[in-house]
Amino acid sequence: VQLQASGGGLVQAGDSLRLSCEASGTFSMYAVGWFRQAPGKEREFVGAITWTGARTYFADSLKGRFTISRDNAKNTVYLQMNSLKPEDTAVYYCAGDLRGYGSSRSREYEYWGQGTLVTVSS
């Protein structure tokens, strides 16, 4: 399975943006996590969705602003980001977890896509 994140760009504070994570090959059994890495900082967990899509969970600081959904027929997972802040500026990565339930720990994910850059201007 190969993953590709897309949809990043330059937006203003308060705007919304939707990122996509598209998989080549069947990934309906994978949980998908989103992580981000800001310049000079370590990669951090954003959120994840289970393989059925029945459950999502997020970093506490992002609850209420970010949502995740998936369309297994399209092999795509979406990260909807609302009320963006300059501190959301980062490269965003999606990752696949074959166990199916995801994790906030990056080491639990077997597959990683190339990131997409999100820049939020003030």
Side-chain angles (χ1 to χ4, degrees):
V1 173
Q2 292 185 326
L3 304 177
Q4 178 63 56
S6 63
L10 174 63
V11 297
Q12 293 185 332
D15 285 351
S16 297
L17 198 61
R18 188 178 78 164
L19 305 184
S20 298
C21 175
E22 186 171 1
S24 62
T26 302
F27 91 136
S28 59
M29 299 297 288
Y30 289 75
V32 173
W34 285 93
F35 293 78
R36 68 184 184 183
Q37 187 166 19
K41 296 187 177 181
E42 294 187 351
R43 189 174 297 185
E44 65 174 354
F45 173 71
V46 172
I49 186 167
T50 58
W51 73 276
T52 63
R55 182 179 177 229
T56 58
Y57 47 100
F58 298 89
D60 288 342
S61 62
L62 301 176
K63 289 179 181 178
R65 290 197 300 125
F66 289 15
T67 60
I68 298 176
S69 61
R70 69 189 298 160
D71 185 341
N72 285 343
K74 295 182 178 180
N75 281 349
T76 303
V77 170
Y78 305 99
L79 175 66
Q80 178 68 42
M81 305 184 294
N82 299 323
S83 302
L84 283 162
K85 305 174 181 180
E87 51 263 44
D88 294 319
T89 294
V91 176
Y92 285 72
Y93 300 88
C94 60
D97 173 14
L98 185 56
R99 300 170 306 159
Y101 48 85
S103 171
S104 61
R105 296 184 293 269
S106 60
R107 64 178 180 270
E108 303 287 0
Y109 292 83
E110 294 88 0
Y111 300 98
W112 289 82
Q114 292 184 333
T116 184
L117 176 62
V118 174
T119 304
V120 184
S121 63
S122 57

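Just so you know, these numbers come straight off a predicted model, no measurement behind them. When reading the values below, keep in mind they use all heavy atoms of this one structure, side chains included, and skip hydrogens, waters and symmetry mates.
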Out of curiosity, N72 CG to M29 CE, how far, rounded to the nearest 0.5 Å? 10.0 Å

Are side-chain heavy atoms of V11 and M81 found at a separation under 4.5 Å? no

Roughly how far, to the nearest 0.5 Å, is the CG atom of N75 from the OG atom of S28? 7.0 Å

Could you check whether any side-chain N or O of Y109 sits under 3.5 Å from a backbone N or O of A31, counting only pairs where one atom can act as donor and the other as acceptor? no

Cluster question for you: counting only ILVMFWY and a side-chain heavy-atom cut-off of under 4.5 Å, with indirect links fine, are L98 and I49 together? yes

Is there a side-chain contact between L62 and D88, using heavy atoms and a 4.5 Å cut-off? yes

Say whether Y93 and F45 are linked into one hydrophobic cluster, either directly or through other cluster members, by side-chain heavy-atom distances under 4.5 angstrom. yes

Same cluster or not: are V118 and F58 linked, directly or through other Ile, Leu, Val, Met, Phe, Trp or Tyr residues, by side-chain heavy atoms under 4.5 angstrom apart? yes

So, the side chain of T119 versus the backbone of T89: is there a donor-acceptor pair under 3.5 Å, distance only? no

Can you tell me how far CZ of R18 sits from OG1 of T67, rounded to the nearest 0.5 angstrom? 9.5 Å

If you take all heavy atoms of L3 and G96, which pair is closest and at what distance? CD1-N, 3.4 Å

Could you pull out the closest heavy-atom pair between G47 and I68, with the gap in Å? C-CD1, 3.4 Å

Backbone N/O of S83 and side chain of R65: donor-acceptor pair under 3.5 Å: yes

Should the ring pair F35 and W112 be called parallel, tilted or perpendicular, given that the plane angle runs from 0 to 90° and is split at 30 and 60? tilted

Output, in order, the C-alpha distance, side-chain angles, deciding distance and verdict of side chain to side chain contact (heavy atoms under 4.5 Å, CB included) for Y78 and Q80. CA-CA 6 Å; Y78 305 99; Q80 178 68 42; over 6 Å; no

Taking CD in Q114 as the centre, count heavy atoms belonging to other residues, nucleotides or ligands within less than 6.0 Å. Is the count above 12? no

Under a 3.5 Å distance rule, please check whether S103 uses its side chain to pair with a backbone N or O of R105 as donor and acceptor. yes

Identify the two heavy atoms, one from C94 and one from V32, that lie closest to each other, and give their separation to 0.1 Å. CB-CG1, 4.3 Å

F66 and W34, any side-chain heavy atoms less than 4.5 Å apart: no

Can a donor-acceptor pair be found, under 3.5 Å and without considering hydrogens, that links the side chain of T50 to the backbone of R55? yes

Do W51 and D97 have side chains that approach each other closer than 4.5 Å (heavy atoms only, starting at C-beta)? no

Rounding to 0.5 Å, atoms CD (E42) and OG (S106) come to a distance of 9.5 Å

Heavy-atom donor-acceptor pair, Y92 side chain to G7 backbone, under 3.5 Å: no

From C21 SG over to R70 CZ, what is the distance, rounded to the nearest 0.5 angstrom? 9.0 Å

When rounded to the nearest 0.5 angstrom, what distance separates OG1 in T116 from CG in L17? 8.0 Å

Would you say L19 ends up clustered with V91 if hydrophobic residues are merged whenever their side chains have heavy atoms under 4.5 Å apart, either directly or through other cluster members? no

